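Just so it is clear, the model here is predicted, and its values are computed rather than measured.
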Amino acid sequence: MTNLLCELDRPGEFFFDSEASLLYFIPPQKLSPDSRLSLWLGPPILTIADASWLSFEGLTLEGTGQGEAMVSIANCQHVVLAGSTIRNSSRPGVIIEGGNSCGLLSCDLYDLPHHLTLSGGSLETLEPSEHFAKNNHFTQIEAADYYGKISIRGVGQIFRNNLVHNFPGQVMVFGDCDHLIERNELFNIGFEEGDGGAIYSGASRWSWGNIIRHNFIHHLMCLPEAHPRGGIYPDDGDQGETIEENIFYKAAHRAVLINGGAGHRVRGNLFLKGYIGIYNTENYAERTYKNIARYDSGELKRGDKGDVIWRTEQVVGKEGWNREPWISRFPLFAKIMNQKRMRFYPIECEFVDNRFSENRKNFEYLTRGGEKKISEVPFIRSGGNEDVPMSVFMNESNLDFRYRGGAGQITMPSIPFQEIGLFTDGFRKAVPRKDLYRRAIYTEFKNRPSFDPKARYDPKTVNKSIYFNTGILVRDMGGFLR
């Protein structure tokens, strides 16, 4: 069934009874003998399976209704969709799974409920698939009720030089191992919801080897009175992420929100004008530890999110962190998991060499007894972090955070700021001027912090305060292929 028959009460709504093959439809205007109705369901528009060395270029796929993905690339090698536009559909956009070295290059995807899935590689051998998404533009323009989704799973996917913005909810979710997420620009994400992050991973203690670096994450504005949000958010004990040399500017409530996880390395990032820079907590450690026996006895449901050891062993095998390929590839994973009680605490974390400017608080670490200074947490290394003035950057009003100089003896991280985001190539002949759209975003939110604990939700004014359609903004600056 599609939609609900009992809910049809206004023009344009429909209900399709797939068993009876009947369509119930309230037309938006009076129908004539020349009116045409169409209903798109069924297989993908473009299906590529078990193929190699193919390139599909310059396509525009749009206007399809519910069904499977518009583009499916399955169990292929070196198949690329390039310079194409996927838009205006209630279907998922592109799903790439199985095989290796397939990808999306210099494409635009917008007004979709689900933009992209990259999945492949082997969690048994840790062999990567090396699927990729490079130089793509992901957004919403007219489909304000579509949250959108970018999903990265398996082993060894590459997400590079993409522009991701104007999503009301959490858009990018990754899991599993050895993904590279770099040189992307993400902004104006999650403005309708609490919790969540611009880049999110959760409840995966086997999630090792992922590198999130050289990304520009800015203007993640929290909804008043909703649960605070994160920028990069390893949630629910997720382990082992490397978060290095990213730029966070007005990035939600906590720019790097680590919810109890161990083995994370947060190094050489810039945290600018946020509320809290880096967060972690041990609040759930003892409860999780004590609940393991309750899962093993059957008192609690096997496989639930809190059944963390059993869930991990379904991926790596019984104590698989002590065997190949995991023990050689991720020895710190074994070091953590071989500790009966402390493996549930955020041990073996490293928060070093980061630079902070004008945040309310650089670090927050919570225990059940209250907050503790990060320097007082024995199992987190936190050296080399420094405050710098905003004046050391080129031009805040254009969101140009190249290092101007003037930090004295402080060494600044080497971030290739000019190489972040979209670039011109054989398929994308022009890109929107970054200084112009960034200045417009800076101006829109200039007097508003990313999180305000005193802000109150007012239904009369909330739309004006949270909605800024950067999809339209960038489109009007030539931000699309066509």
Requested in this report: Kindly determine whether Tyr467 and Glu192 satisfy side-chain hydrogen bond (donor to acceptor under 3.5 Å, both in side chains), including the steps that lead there.
Outcome: CA-CA 9 Å; Tyr467 288 111; Glu192 272 191 6; 2.2 Å; yes
Query raised in the report: Are Glu348 and Lys335 within salt-bridge range, i.e. N to O under 4.0 Å?
Result: yes
Report task. Run through Tyr275, Phe351, Tyr249, Phe363 and flag the one making a ring-ring contact (aromatic ring centres under 6.0 Å, His included) with Phe356. Result -> Phe363
Query raised in the report: Are the charged groups of Lys361 and Glu371 less than 4.0 angstrom apart, N to O?
Result: yes
Requested in this report: Using a 4.5 Å cut-off on heavy atoms from C-beta on, say whether the side chain of His115 contacts that of Gln140.
Outcome: yes
Report task. State, without any angle test, whether Asn162 and Asn135 hold a side-chain donor-acceptor pair at a distance under 3.5 Å. Result -> no
Query raised in the report: Is Glu350 salt-bridged to Arg267, going by a charged N under 4.0 Å from an acidic O?
Result: yes
Query raised in the report: Taking the six-membered ring for Trp, is the centroid-to-centroid distance between His165 and Phe167 below 6.0 Å?
Result: no
Query raised in the report: Hey, what's the ring geometry for Phe401 with Phe393, parallel, tilted or perpendicular (30° and 60° as the breaks)?
Result: perpendicular
**Report entry** Worked verdict on Ser151 versus Thr117 for side-chain hydrogen bond (donor to acceptor under 3.5 Å, both in side chains)
**Finding:** CA-CA 5 Å; Ser151 177; Thr117 292; 4.5 Å; no
Requested in this report: Answer yes when Glu245 and Arg213 have at least one side-chain N-carboxylate O distance shorter than 4.0 Å, and no when they do not.
Outcome: no
Report summary line: Closest non-hydrogen atoms of Leu109 and Leu112, given as atom of the first, atom of the second and distance, are CB-CD1, 4.0 Å
Report task. Determine yes or no for a side-chain-to-main-chain donor-acceptor pair under 3.5 angstrom, with Asn188 supplying the side chain and Phe468 the backbone. Result -> yes
Report task. Please check if the distance between the ring centroids of His219 and Phe187 is under 6.0 Å. Result -> no
Query raised in the report: Is the closest side-chain heavy-atom distance between Asp304 and Tyr295 below 4.5 Å?
Result: yes
Query raised in the report: Gln170 and Tyr233: side-chain donor and acceptor closer than 3.5 Å?
Result: no
**Report entry** Distance-only polar pair, side chains of Asn210 and Glu241, donor-acceptor under 3.5 Å
**Finding:** yes
Query raised in the report: More than 12 heavy atoms of other residues, nucleotides or ligands under 6.0 Å from NZ of Lys273: is that the case?
Result: yes
Query raised in the report: How long is the gap from NE2 on His264 to CG on Asp238, to the nearest 0.5 Å?
Result: 5.0 Å
Query raised in the report: So, does Asp458 use its side chain to make a donor-acceptor pair with the main chain of Lys460 at under 3.5 Å?
Result: yes
Report task. Classify the side-chain pair Asn398/Arg439 by whether it contains a donor and acceptor separated by less than 3.5 Å. Result -> yes
**Report entry** Check: Ser201 side chain, Gly175 main-chain N or O, donor-acceptor pair, under 3.5 Å
**Finding:** no
Query - Lys454 vs Asp452, salt bridge (Lys or Arg N to Asp or Glu O under 4.0 Å): CA-CA, chis, key distance, verdict - result: CA-CA 5 Å; Lys454 298 180 181 179; Asp452 181 0; over 6 Å; no
Query raised in the report: Would a 4.5 Å heavy-atom cut-off, applied to side chains only, mark Arg355 and Asn269 as touching?
Result: no
Query raised in the report: Are Asp108 and Arg87 within salt-bridge range, i.e. N to O under 4.0 Å?
Result: no
Requested in this report: Check whether any side-chain N or O of Asn215 sits under 3.5 Å from a backbone N or O of Ile217 as a donor-acceptor pair, and report yes or no.
Outcome: no
Query raised in the report: Can you check whether Pro346's main-chain N or O pairs, donor with acceptor, with Asn280's side chain at less than 3.5 Å?
Result: no
Requested in this report: Quick one: do Asp195 and Arg229 satisfy salt bridge (Lys or Arg N to Asp or Glu O under 4.0 Å)? Show the steps, please.
Outcome: CA-CA 4 Å; Asp195 212 351; Arg229 298 180 55 75; over 6 Å; no
Report task. Let me see the working for Asp400 and Arg402 under salt bridge (Lys or Arg N to Asp or Glu O under 4.0 Å), right down to the final yes or no. Result -> CA-CA 6 Å; Asp400 183 349; Arg402 290 175 292 169; 2.6 Å; yes
Report task. Tell me, yes or no, whether the heavy-atom count around Arg368 atom CZ, taken from other residues, nucleotides or ligands under 6.0 Å, exceeds 12. Result -> no
Report task. List the steps and the verdict of side-chain hydrogen bond (donor to acceptor under 3.5 Å, both in side chains) for Tyr110 and Glu142. Result -> CA-CA 9 Å; Tyr110 60 92; Glu142 302 296 342; over 6 Å; no
Report task. Check whether NZ of the Lys or CZ of the Arg Arg254 lies under 6.0 Å from the centre of the six-membered ring of Tyr279 and within 45 degrees of that ring's axis. Result -> yes
Query raised in the report: Counting only heavy atoms not in Lys149, do more than 12 fall under 6.0 Å of its NZ?
Result: no
Requested in this report: Assess whether ring pair (Phe, Tyr, Trp, His ring centres under 6.0 Å) is satisfied between Phe480 and His137, documenting all intermediate values.
Outcome: CA-CA 8 Å; Phe480 294 85; His137 190 175; 4.6 Å; yes
Query raised in the report: Does Lys305 offer a backbone N or O that forms a donor-acceptor pair with the side chain of Asp307 under 3.5 Å?
Result: no
**Report entry** side-chain contact (heavy atoms from CB on, under 4.5 Å) evaluation trace for Asn259 with Tyr284
**Finding:** CA-CA 9 Å; Asn259 196 15; Tyr284 314 108; 3.2 Å; yes
Query raised in the report: Around Arg302, counting heavy atoms of other residues, nucleotides and ligands shown, do more than 12 lie under 6.0 Å from its CZ?
Result: yes
Report task. Could you grab the distance from atom OG1 of Thr470 to atom CE of Met477, nearest 0.5 Å is fine? Result -> 10.5 Å
Report task. Check the side chains of His131 and Glu97 for a donor-acceptor pair under 3.5 angstrom, ignoring hydrogens and angles. Result -> no
Report task. Could you check Lys372 against Glu282 for salt bridge (Lys or Arg N to Asp or Glu O under 4.0 Å), going step by step and ending with a plain yes or no? Result -> CA-CA 11 Å; Lys372 182 180 288 188; Glu282 61 186 61; 5.2 Å; no
**Report entry** Asn354 and Asn385 side chains, donor-acceptor separation under 3.5 Å
**Finding:** yes
Query raised in the report: Between Trp206 and Met337, is any pair of side-chain heavy atoms under 4.5 Å apart?
Result: no
